[in-house]
Every structure is written in structure tokens, then in C-alpha cells.
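Read the numbers this way: they start at 1 and go in the same order the structure lists the ligands and their atoms. We're numbering straight along the sequence, starting at 1.
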Amino acid sequence: MMVRDQIKGRGITDSAVIRAMSRVPRHLFVPEKYREAAYSDQPLPIGYRQTISQPYIVAYMTESLQLSEQDRVLEIGTGSGYQTAVLAEIVLKVFTIEIIPGLAHRARELFAVLKYENIVCRIGDGNSGWPEEAPFDAIIVTAAAPEVPPQLIDQLKIGGRLIIPVGNFFQQLRLLIKTADGVRKIRKIPVRFVPLKETQATKN
Ligand code: SAH
């Protein structure tokens, strides 16, 4: 139902994305009191004033990254871990960073229960990326930033793709593709995400 109406029905065609969205049990990533709404067409609260993204947006962002099986992907904003799991169904390895320890711990437990052995979750500020594991084939940021954090662009391979919501109240998804001589920027759909937190160290 969710996949038919919200994913395929709205123009998502990448078969790997459709397969991943059919496999990941979204209800397990949603707090118990919202379980009945887990497959409905909306974001839902996950505690700590954060949200699990709407299924369509997860599919849309994942498809935009044009992933292949051998890719190594960095995600900023683990949250519930749902987007992480969708990525882990498609690619070789997912590195994910979450700034709220309680959310990171919950997501890690769920990854273990669901036997996702290709996910590594770190607690920290995603603005500086994960330099030890760079470069990445793709980077996805699931919280909105006023501008694209430059360190994330640095950590992309040539040919690598980065998707991120940019803006404050009004936000737009931006797709960046790193080429040999620069970065191609493509404006995508308007969205509404929680803000990407900035720690003192990154503000300076
Ligand atoms: N993909 C997640 C979306 C969670 S909402 C899901 O579908 O469940 C965005 C998440 O980004 C929140 O969990 C929030 O705590 C986290 N976040 C915000 N600022 C961050 C930062 N600077 N570094 C890492 N994670 C951050």
C-alpha cells in the first residue's frame, strides 16, 4: 500500500529503492504510540523534538543519489534509523552520524535486531563529516542547513552525489554532484526538515 500509493504512484522508478522501501519494517522505527500511522503519508515524532521523514521524501532523496551496490554512503542525522536502513538495503556500507545520544543508541539497537551489519553509527556533529572514512560515493543530510557544510563536499569522491535540504523555514532539496572541475548544483523540491544543529566548534 505505502509503496504502491506513495512511492511508485508518485513517480519513484528506481527498482532498488522500491525494493528497499518494501523490505524495511517502518513500524519498528516509529514510537509505539504512532505505530498505526507508521505507513501513512507523513513524518512522525520520534522524541527529542525530532521526526522520522515521510516515506515519499525518503524514497525521493534515496533515488536522487543514484546509488549502486558497491557504494559507501555517509548519512548525517540518523534519527530513527529508518533512512539508514533503506540505504543499507541498497549499498555496501552506510556510515551514519547522530548528535543526540539517545536516538543513536535506539537506532543502533534496532540495526542489531534487524541484522544490518553494514551500518556504523557514530554520535557526534555531522557538520564535519567523517574524515577517517572519506571519500564517499554519496552523502545524505536529513536535517536542514542554512548552507551546504563545505567539509561534506570535501569528503565526496569525484562523481559523488550529495543531497541536502537547504534553508531555514522555507527549504529546498539540493543535489550536488562533484565533478573533476567543480560541483554541479541542482535545485529539487521544497521540503520541511528539522534544523541541522551547529555545535560551538563548527560555528567559530
Ligand atoms: N533520517 C531520519 C531523520 C531524523 S530528523 C529519520 O528518518 O528518522 C534529523 C536528525 O538529525 C535528528 O535525529 C537530529 O538529532 C539529527 N541532527 C541534527 N543536527 C545534527 C548534527 N549536526 N549532526 C548529526 N545529527 C544531527
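- In terms of protein heavy-atom proximity, atom 11 (O) of ligand 1 is nearest to Gly77 CA, 3.2 Å.
- Listed for the Glu63 side chain is a donor-acceptor partner under 3.5 Å among the backbone atoms of Asp14.
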Where do Ile177 and Leu156 land on the side-chain contact (heavy atoms from CB on, under 4.5 Å) test, with the steps shown first? CA-CA 9 Å; Ile177 303 174; Leu156 264 189; over 6 Å; no
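- Under 4.0 angstrom from ligand 1, there are no non-hydrogen atoms of Thr84.
- Contact atoms of ligand 1 toward Val194: 5 (S), 9 (C) (distance under 4.0 Å to a heavy atom of the residue).
- Residue contact annotation: Pro43 has no non-hydrogen atom under 4.0 Å from ligand 1.
- Of the N or O atoms in Gln83, none lie within a sub-3.5 Å distance of an N or O in ligand 1.
- Ligand-side atoms of ligand 1 in range of Ile97: 24 (C), 25 (N), range being under 4.0 angstrom from any heavy atom.
- Close approach of ligand 1 to Asn127 (heavy-atom distance below 4.0 Å) involves ligand atoms 22 (N).
- When non-hydrogen atoms are compared, ligand 1 lies under 4.0 Å from the side chain of Glu75 (C-beta onward) but not from its backbone.
- The shortest heavy-atom contact between Gly102 and Tyr48 is CA-OH, 3.3 Å.
- Atom 7 (O) of ligand 1 has its closest protein heavy atom at Ser53 N, 3.3 Å.
- Looking from atom 15 (O) of ligand 1 to the surrounding protein, the closest heavy atom is Glu98 OE2, 2.6 Å.
- In this structure, Tyr56 contributes its side chain and Asp41 its backbone to no donor-acceptor pair below 3.5 Å.
- Numbered from 1 in the order shown, with element, the atoms of ligand 1 that lie under 4.0 Å from a heavy atom of Gly124 read 23 (N), 24 (C).
- The protein heavy atom nearest to atom 4 (C) of ligand 1 is Thr51 O, 3.1 Å.
- Within the 4.5 Å cutoff, side-chain heavy atoms of Leu67 are placed close to those of Arg161.
- Contact check on Arg122 versus Glu133 returns no salt bridge, with no Lys/Arg side-chain nitrogen under 4.0 Å from an Asp/Glu carboxylate oxygen.
- The backbone and the side chain of Lys197 each have at least one atom closer than 4.0 Å to an atom of ligand 1 (non-hydrogen atoms only).
- Counting heavy atoms under 4.0 Å from ligand 1, residue Thr142 touches it through both backbone and side chain.
- The cationic group of Arg192 lies under 6.0 Å from the six-membered ring centre of Phe169 and within 45° of the ring axis, placing it in a cation-pi geometry.
- Taking atom 23 (N) of ligand 1 as the reference point, the nearest protein heavy-atom neighbour is Gly126 N, 2.8 Å.
- For the pair Ser80 and ligand 1, the shortest N or O to N or O distance falls below 3.5 Å.
- Residue Leu103 approaches ligand 1 through these ligand atoms, each under 4.0 Å from one of its heavy atoms: 13 (O).
- Relative to atom 20 (C) of ligand 1, the option among Thr199, Leu196, Ile57 with the closest non-hydrogen atom is Leu196.
- Given atom 12 (C) of ligand 1, the protein heavy atom at minimum distance is Gln50 OE1, 3.3 Å.
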Show your working on side-chain contact (heavy atoms from CB on, under 4.5 Å) between Ile46 and Arg106 and close with a plain yes or no. CA-CA 11 Å; Ile46 54 171; Arg106 214 162 65 192; 3.8 Å; yes
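- With hydrogens and angles left out, the side-chain atoms of Ser68 and Gln70 include no donor and acceptor closer than 3.5 Å.
- Checking Val30, Ile52, Thr78 against atom 2 (C) of ligand 1, the nearest heavy atom belongs to Thr78.
- The environment of NZ in Lys157 is crowded: more than 12 heavy-atom neighbours from other residues, nucleotides or ligands sit within 6.0 Å.
- A cation-pi arrangement is present between Arg26 and Tyr82 under the rule of less than 6.0 angstrom and at most 45 degrees off the ring axis.
- Scanning both residues, Val3 and Ile18, for their nearest heavy atoms gives CG1-CG2, 3.8 Å.
- Here's the thing with Tyr82: none of its N/O atoms is less than 3.5 angstrom from an N/O atom of ligand 1.
- Across Ile99, Ile100, Thr96, Asp125, heavy-atom proximity to atom 25 (N) of ligand 1 is greatest for Ile99.
- When side chains are defined from C-beta on, Gln83 does not count as touching Val94, because their heavy atoms never get closer than 4.5 Å.
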